[in-house]
Amino acid sequence: MSQQPNTPPTSGRLQLNAVSKSFLRRGGGTPMLAVDHVSLDIPKGEFVTLLGPSGCGKTTTLRLIAGFEMPTSGQILLDDQDITNRPPNKRDMGMVFQSYALFPHMTVFDNITYGLELRKISRQNIKEQTNHALEMVGLTGLGERRPNQLSGGQQQRVALARAMVIEPRVLLFDEPLSNLDAKLRVQMRSEIRNLQKRMNITSIYVTHDQTEAMAMSDRIVVMNAGHIEQIGVPSEIYRRPASRFVADFIGRANFVETQIESVNGDGVTVRLLGQTVTVPMSTRPNIGDKFEAVLRPEGLKLHNDPSLQQVLVEQAMYLGSEIEYIVQANGKSLIVVDTDPRSEFVYSEGQTIGLGMVHETIQLLPLAPR
């Protein structure tokens, strides 16, 4: 772009050191802690998603990074330079907003050039960089249209091009796909991820959509009540959740209480749903310690086998790509999902059937106080 049209911009390393943010409550009282000592180290070129439910602090964290909010305490570094108190326009970051935030009276071309004009770049370079940005996001030939003449997906591409054309070291996304329909969201998340990889721009993406986070991220930061619950690659977050909150928020999970019967080698033996199961564990618990087993629905299997724990099928739903069951096991409702594409037979509601488990999918978590 400004160096040469096809030269990727320089990416940046972003660090948050014990960053906190408190807001005063209306009417006074104790300030509300929205972000609680969040520390992150995001290498150059990495795509990191801040994931969590509404009110968990993810959007406030993004606004602190962008400079729209100032932290109550802590430090924000970009390539080892302290930017904690810099205004947004001095942080070398681009942002894609949930609402797109396009100027309705301007053409697509002028929307994209807006940030470049503020930087006093020559008209020739502005034209070259904007045309290249339009080409990158697949909007060549649409520069003279206005936002209301574009589809939602095209408007999102304009917002992305506007954020990227200034060649930021960090690209920020604030739930950018939430206004699109389901099919277009899938298409756009793929386009954003492919473009981010090609340009190698450090990116921080905020969403409450677990599927979106799993599909796009190098790493996921799961947040809850202002703090970080877990950081990891998508497969680690899903297969080895660090807490009940993470296990329950990422995908779906059944929780069954159990206790340690024996400790052997790198694993422990527990009794689950009528079966003796050996589960790997990095810690060494004591015999009799109580845990909560995380059973993913796709890790449970229904079999016509009288030797297995017998369960009652309460509900059966054929969904095409999978069959979802609700079964009753010793007074506890469990979700079972059959993802075998060869499955045509659906067990009937009211039928009693054997329940098996894929032992490798089981995760034990310390039993949290209720």
Side-chain angles (χ1 to χ4, degrees), residues 36-37 39-41 51-52 210 213-214 217-225 227-312 325-340 352-370:
D36 185 7
H37 290 83
S39 293
L40 280 171
D41 190 346
L51 175 67
Q210 304 111 42
M214 299 280 281
S217 311
D218 292 314
R219 285 190 299 159
I220 297 173
V221 179
V222 183
M223 297 188 68
N224 179 32
H227 68 270
I228 294 174
E229 289 271 342
Q230 187 173 358
I231 304 174
V233 299
S235 59
E236 178 187 358
I237 294 285
Y238 187 80
R239 296 183 182 279
R240 294 288 175 260
S243 67
R244 192 184 205 276
F245 174 85
V246 175
D248 198 28
F249 188 77
I250 302 292
R252 291 181 294 178
N254 301 292
F255 298 95
V256 178
E257 291 187 18
T258 187
Q259 66 180 34
I260 305 299
E261 293 197 340
S262 65
V263 180
N264 38 45
D266 296 327
V268 296
T269 301
V270 296
R271 189 79 177 160
L272 273 176
L273 302 176
Q275 299 182 48
T276 299
V277 180
T278 299
V279 181
M281 280 197 79
S282 56
T283 59
R284 302 289 289 178
N286 298 315
I287 294 174
D289 285 353
K290 293 186 177 181
F291 282 81
E292 200 163 33
V294 180
L295 307 176
R296 294 293 185 186
E298 66 275 14
L300 299 177
K301 305 295 178 184
L302 298 181
H303 301 282
N304 215 341
D305 185 346
S307 68
L308 295 174
Q309 167 85 32
Q310 298 297 293
V311 298
L312 177 68
Y325 297 96
I326 306 294
V327 301
Q328 190 72 214
N330 295 333
K332 185 176 181 63
S333 290
L334 302 173
I335 305 171
V336 180
V337 172
D338 184 353
T339 56
D340 188 341
T352 300
I353 195 74
L355 179 67
M357 293 174 287
V358 180
H359 294 181
E360 293 80 6
T361 66
I362 299 170
Q363 168 82 353
L364 295 181
L365 296 173
L367 192 59
R370 303 285 174 83

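- Without hydrogens or angle criteria, Gln230 side chain to Arg240 main chain gives a donor-acceptor distance under 3.5 Å.
- Annotation: side chain of Tyr325 is not in contact with side chain of Ile335 (no heavy-atom distance under 4.5 Å).
- With Gln363 contributing its side chain and Thr361 its backbone, the two residues share no donor-acceptor pair below 3.5 Å.
- Distance alone, capped at 3.5 Å, places no donor-acceptor pair between the Arg271 side chain and the Val277 backbone.
- For the atom pair CD (Glu236) and CD1 (Ile231), the distance works out to 10.0 Å, reported to the nearest 0.5 Å.
- Remark: Arg239 CZ is loosely packed, at most 12 non-hydrogen atoms of other residues, nucleotides or ligands lying under 6.0 Å away.
- Shown are Gln259, Arg244, Glu292; of these, the side chain to side chain contact (heavy atoms under 4.5 Å, CB included) with Leu367 is made only by Glu292.
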Checking Leu355 against Leu334 for the side chain to side chain contact (heavy atoms under 4.5 Å, CB included) test, could you report, in this order, the C-alpha distance in whole Å, the side-chain angles of both residues, the deciding distance, and whether it holds?
CA-CA 10 Å; Leu355 179 67; Leu334 302 173; 3.9 Å; yes

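- Residues Pro234 and Ser217 come closest through the heavy atom pair CG-O, 3.6 Å.
- Without hydrogens or angle criteria, Arg284 side chain to Val263 main chain gives no donor-acceptor distance under 3.5 Å.
- At a threshold of 4.5 Å between non-hydrogen side-chain atoms, the residues Arg296 and Val358 do not count as touching.
- Each of Val327, Val311, Ile326 was compared with Val336 under the side chain to side chain contact (heavy atoms under 4.5 Å, CB included) criterion, and only Val327 meets it.
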Checking His359 against Thr278 for the side chain to side chain contact (heavy atoms under 4.5 Å, CB included) test, could you report, in this order, the C-alpha distance in whole Å, the side-chain angles of both residues, the deciding distance, and whether it holds?
CA-CA 7 Å; His359 294 181; Thr278 299; over 6 Å; no

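- Taking CG of Leu273 as the reference point, atom CD1 of Ile362 lies at 8.0 Å (rounded to 0.5 Å).
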Evaluate the side chain to side chain contact (heavy atoms under 4.5 Å, CB included) criterion for residues Gln210 and Tyr238: first the C-alpha distance (whole Å), next the side-chain angles of each, then the deciding distance (0.1 Å), finally the verdict.
CA-CA 10 Å; Gln210 304 111 42; Tyr238 187 80; over 6 Å; no

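- With values rounded to the nearest 0.5 angstrom, Met357 atom CE is found 9.0 Å from Gln309 atom CD.
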One pair to check against side chain to side chain contact (heavy atoms under 4.5 Å, CB included): Ile260 and Val270. What are the steps and the verdict?
CA-CA 5 Å; Ile260 305 299; Val270 296; 3.9 Å; yes

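- Proximity of Met214 to Ile220: side-chain heavy atoms (C-beta onward) are separated by under 4.5 Å at one or more points.
- The CG atom of Leu364 sits 9.0 Å away from the OG1 atom of Thr283 when rounded to the nearest 0.5 Å.
- Taking each heavy atom of Val294 and Ala253 in turn, the nearest pair found is CG1-CB, 3.9 Å.
- Within the 4.5 Å cutoff, no side-chain heavy atoms of Leu302 are placed close to those of Asp338.
- Within the 4.5 Å cutoff, the side chain of Pro285 has heavy atoms near those of the Val268 side chain.
- When every heavy atom of Ile228 is checked against every heavy atom of Ser39, the shortest pair comes out as CD1-O, 3.6 Å.
- For the pair Val222 and Phe245, the tightest heavy-atom approach, listed with the atom from each and the gap, is CG1-CE2, 3.9 Å.
- Heavy atoms only, all atoms of each residue included: Leu51 and Ala213 are closest at CD2-CB, 3.9 Å.
- For the residue pair Phe291 and Met281, the shortest heavy atom distance occurs at CE2-CE, 3.7 Å.
- Of the possible polar contacts, one joining the Asn254 side chain to the Leu295 backbone as a donor-acceptor pair under 3.5 Å is found.
- Side-chain atoms of Gln310 come within 3.5 Å of backbone atoms of Asp305 as a donor-acceptor pair (strictly under, hydrogens ignored).
- Once rounded to the nearest 0.5 Å, the distance linking CD1 of Ile237 with CD of Glu229 reads 10.0 Å.
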